[in-house]
Amino acid sequence: MAIQIYNSQSKQKEVFKPIHAPKVGMYVCGITVYDYCHIGHARVMVCFDVIVRHLRARGYDVNYVRNITDIDDKIIARAIENGESTQALTERFIKAMHEDEDALQVLRPNVEPKATDYIHQITDMVQTLVEKGYAYPAANGDVYFRVEKFADYGKLSGKKIEDLQSGARVDVNEQKESPLDFVLWKASKPSEPHWHSPWGEGRPGWHIECSAMSKHTIGEHLDIHGGGHDLQFPHHENEIAQSECAHGHTYVNTWMHVGFVNVDNEKMSKSLGNFFTIRDVLKKYPAEVIRFFLLSSHYRNPLNYTTENLDNARAALRRLYGALEGVQQLPPSASLVAQWTDAYNAAMDDDFNTPQAFAVLFDLVTELNKAKAAKDVNSMGQLAQLLVSLANQLGLLTSEPSTFLQLGSGSSDLSEADIQAKIDARIAAKQAKDFARADAIRNELKDEGIEILDTPQGTTWRRV
RNA sequence: GGCCGGAUGGUAGAGUGGUUAUACACUUGAUUGCAAAUCAAUGAAUCUCGGUUCGAUUCCGGGUCCGGCCUCCA
């Protein structure tokens with residue numbers, strides 16, 4: 001069964017065929033590091049993390065590259081605002097980004113190239129484009145890409161050059177031959193960070209860094225290139241123009257774009273100011289709940305950020321962990337593994353359908369709970385281990401069940417020892433048939449946000 | 001204005017040319033000292049108007065509404 005991936009360029013699912021199987025070259029546009037990452041960034045990180053994990057689980061040797069934009073207008077502006085160097089600013093936020101990713105169980109890409117480490121490769125590529133006539137230096141020291149020279153311009157986003165020209169939303173810039181032309185190299189003011197180039201002191205334009213860095217970390221022809229949906233145009237369109245004109249052949253086979261996280265059904269974005277940072281949300285919800293939430297909708301669809309949806313994710317995750325609680329895991333039989341792994345892979349092979357994969361996990365939970373009810377120690381042990389191993393492929397169920405279930409938002413002062421003492425007292429009361437006392441203790445705990453569960457394996461507790 | 005995507009039960013969210021997942025919530029039964037958890041059963045949806053078809057939620061066309069891109073954005 002082959003993996004099918006929806007290609008944004010062809011607008012349909014295609015059978016995935018790497019250029020040099022089993023190797024896969026995959027490049028994802030990362031973030032511009034001048035602020036903390038928000039939940040929209042988290043979605044892109046988590047979705048591509050799951051995509052890479054699944055490709056690897058299916059036997060591919062994935063070279064996963066995700067860049068870091070560490071020089072641009074906003075970085076310069078923020079650094080001036082803060083009275084610090086751009087380097088100090090970007091290093092701080094790269095560190096913060098890694099902390100957020102680690103919390104969300106996002107595996108690091110193989111390479112995280114930074115634009116400022118590839119200036120030479122960038123100027124080389126700009127030089128090539130100038131030599132081939134696809135780019136031109138302007139009088140002020142900028143270098144622009146000549147969009148009309150590239151016949152395929154618009155093939156990714158479905159836009160036509162004529163439509164774009166009449167759109168009139170492009171900057172009027174005297175330096176450009178055409179308003180659609182975009183900057184490859186920007187002349188810098190003396191006070192700004194700058195690098196030497198054949199066209200004078202300056203810094204790279206945004207789009208060119210990805211063309212240059214993908215070439216030098218993967219190659220001229222990528223299997224997969226991804227990013228947020230808003231990058232499709234103009235960023236990815238411009239990358240295609242640069243790379244295909246510089247190299248003279250196809251740049252990317254499969255384009256993947258992750259849908260937005262919305263707030264009140266509107267795109268969450270820094271410019272709209274309606275964003276929630278990952279670290280803000282981590283104060284309110286366990287990281288795993290956030291990860292589950294981000295994967296609960298298909299990656300291409302919009303995802304609405306609401307407390308209801310986060311709470312729902314938490315409740316769903318509690319069902320998964322609840323099934324594992326008190327079960328001694330056992331190695332599953334080959335037939336059991338085949339049955340459930342096939343179902344799981346069928347979901348994930350179909351354009352990484354995580355909601356469908358979740359459904360498989362929950363079906364497995366139902367079987368596991370049945371086995372628990374029947375006290376079938378052998379079945380439940382095998383099903384539990386299978387559940388954990390499949391969920392682990394999604395970066396989920398990586399905690400001990402009791403650890404997750406006892407995490408809470410409640411602000412109880414009770415220590416675990418206090419809780420255990422009350423539970424012991426209640427058990428004693430129950431044995432003495434003093435149910436009024438037992439219930440009183442249970443209510444005391446409930447007021448503290450602690451829920452008591454009497455199970456065949458003994459009394460356990462969790463936070464509400 | 002140009003281009004693109006979406007509309008599924010109370011909520012979230014998949015698949016499917018015929019019998020529609022899964023989760024949360026609701027109802028009933030079993031279980032429990034009573035609960036909780038769990039199991040079982042039940043209820044509950046495919047925006048609208050046409051077309052193709054024996055049959056459309058699914059395919060095609062029109063409409064309505066929502067969102068995105070066209071300017072920095074994940």
Side-chain angles (χ1 to χ4, degrees), chain A residues 8 11 28-32 37-45 47-48 66 69 72-74 77 154 157-160 162-171 180 206 226-235 237 257-262 265-272 275 292-293 296-298 300-304 306 308-320 322-323 325-326 346-347 350 353-363 365-366 368-374 405 430 433-436 438-439 442-443 446 451-456 459-462 464:
Chain A
S8 307
K11 301 193 204 323
V28 170
C29 289
I31 64 167
T32 303
C37 294
H38 58 60
I39 290 293
H41 297 123
R43 188 179 190 196
V44 172
M45 292 169 177
C47 284
F48 282 109
R66 193 188 58 206
T69 299
D72 93 318
D73 290 350
K74 290 189 297 289
S157 55
K159 297 184 189 303
K160 296 195 186 76
E162 310 87 78
D163 296 340
L164 288 166
Q165 282 168 334
S166 59
R169 287 186 79 175
V170 258
D171 266 350
L180 293 184
W206 176 38
H229 197 250
D230 47 356
L231 297 184
Q232 190 170 357
F233 189 91
H235 183 55
E237 197 71 72
H257 292 99
V258 174
F260 296 131
V261 176
N262 293 155
N265 292 312
E266 252 192 11
K267 173 185 174 179
M268 176 185 296
S269 79
K270 288 188 182 173
S271 29
L272 291 174
F275 63 92
F292 187 98
F293 162 70
S296 64
S297 163
H298 184 81
R300 280 189 282 117
N301 290 341
L303 178 64
N304 214 19
T306 62
E308 288 78 11
N309 288 347
L310 264 312
D311 288 341
N312 194 316
R314 180 165 181 268
L317 215 34
R318 283 165 78 92
R319 177 168 166 82
L320 295 177
E325 200 175 28
D350 181 14
N353 192 335
T354 51
Q356 187 60 44
F358 280 6
V360 173
L361 260 33
F362 283 107
D363 286 342
V365 163
T366 300
L368 169 52
N369 281 329
K370 277 185 194 172
K372 280 175 85 172
L405 294 167
K430 271 177 49 164
K433 303 273 183 213
D434 183 356
F435 294 120
D439 290 353
R442 185 168 63 199
N443 287 335
K446 189 152 195 177
E451 198 170 70
I452 296 294
L453 294 80
D454 292 330
T455 74
T459 298
T460 61
W461 63 276
R462 51 176 73 172
V464 178

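Below, chains carry the letters A, B, ... as their sequence lines are ordered, and counting in each starts from 1.
Of the candidates B:U22, B:C4, B:G15, the closest approach to any side-chain atom of A:Phe362 belongs to B:U22. In this structure, of B:C24, B:G15, B:A36, it is B:A36 that holds the atom nearest to the side chain of A:Leu453. Of the listed nucleotides (B:C34, B:A14, B:C70), B:C70 has the atom at the smallest distance from the side chain of A:Pro234.
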Pairing string, 5' to 3', for RNA chain B - Watson-Crick or wobble contacts under 3.5 Å, brackets [ ] where pairs cross, | to another strand: (((((((..(((.....[...)))..((((.......)))).....(((((..]....))))))))))))....
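Going from atom NE2 of A:His229 over to atom P of B:G6 covers 10 Å, rounded to whole Å. Between the NZ atom of A:Lys370 and the C1' atom of B:U38 there is a distance of 12 Å, rounded to whole Å. Computed from coordinates, the A:Met268 CE to B:G68 P distance equals 13 Å when rounded to whole Å.
Each of A:Asn304, A:Asn309, A:Leu303 was compared with A:Ser297 under the side chain to side chain contact (heavy atoms under 4.5 Å, CB included) criterion, and only A:Leu303 meets it.
Taking the ring centre of A:Phe435 as origin, the terminal cationic atom of A:Lys430 falls outside the region bounded by 6.0 Å and 45° from the ring axis.
Between the side chain of A:Arg43 and the base of B:A74 there is no donor-acceptor pair of N/O atoms closer than 3.5 Å. Looking at A:Arg319, its side chain has no donor and acceptor atom pair within 3.5 Å of the base of B:C24. One can find a donor-acceptor pair under 3.5 Å joining the base of B:C69 and the side-chain atoms of A:Lys159.
Using a 4.0 Å cut-off, no side-chain N or O of A:Asn262 falls inside it from OP1 or OP2 of B:G67. The side chain of A:Ser296 contributes no N or O atom lying less than 4.0 Å from OP1 or OP2 of B:A23. Dashed line: the shortest gap from a side-chain N or O of A:Asn301 to OP1 or OP2 of B:A14 is under 4.0 Å. Applying the 4.0 Å criterion to OP1 and OP2 of B:C69, one finds that A:Lys267 has a side-chain N or O inside that range. For A:Lys160 and B:C70, the shortest distance from a side-chain N or O to OP1 or OP2 is not below 4.0 Å. At B:C39, one or more side-chain N or O atoms of A:Asn369 fall inside 4.0 Å of OP1 or OP2 (strictly under the cut-off).
Backbone-only contact: A:His298 has heavy atoms under 4.0 Å from sugar-phosphate atoms and none from a base. Among the protein residues, A:Thr366 comes within range of the sugar-phosphate backbone only, with heavy atoms under 4.0 Å from sugar or phosphate atoms but none that close to a base. Base contact: A:Ser269 has a heavy atom under 4.0 Å from a base atom. Backbone-only contact: A:Glu451 has heavy atoms under 4.0 Å from sugar-phosphate atoms and none from a base.
B:G43 and B:U20 have their P atoms separated by 11 Å, with the value rounded to a whole Å. For the P atoms, the distance from B:U57 to B:A25 is 31 Å, rounded to whole Å. Rounded to whole Å, the P atom of B:G62 lies 13 Å from the corresponding atom of B:C3. Nucleotides B:G61 and B:C4 have their P atoms positioned 12 Å apart, rounded to a whole Å. With C1' as the reference atom, B:C47 and B:C39 are 37 Å apart, rounded to whole Å. Separating the C1' atom of B:U58 from that of B:A14 is a span of 13 Å, rounded to the nearest Å.
With salt bridges taken as basic N to acidic carboxylate O contacts below 4.0 Å, one links A:Arg442 and A:Asp439. Residues A:Arg462 and A:Glu325 are paired through a salt bridge, judged by an N-O separation under 4.0 Å between the basic side chain and the carboxylate.
Ranked by how close their nearest RNA chain B nucleotide is to the 5' end, A:Ala438 and A:Phe233 are led by A:Ala438. Sequence order on RNA chain B of the closest nucleotides to A:His41 and A:Ala436 puts A:Ala436 first from the 5' end.
Separating the OG1 atom in A:Thr306 from the CG atom in A:Asn262 is a distance of 11.0 Å, to the nearest 0.5 Å.
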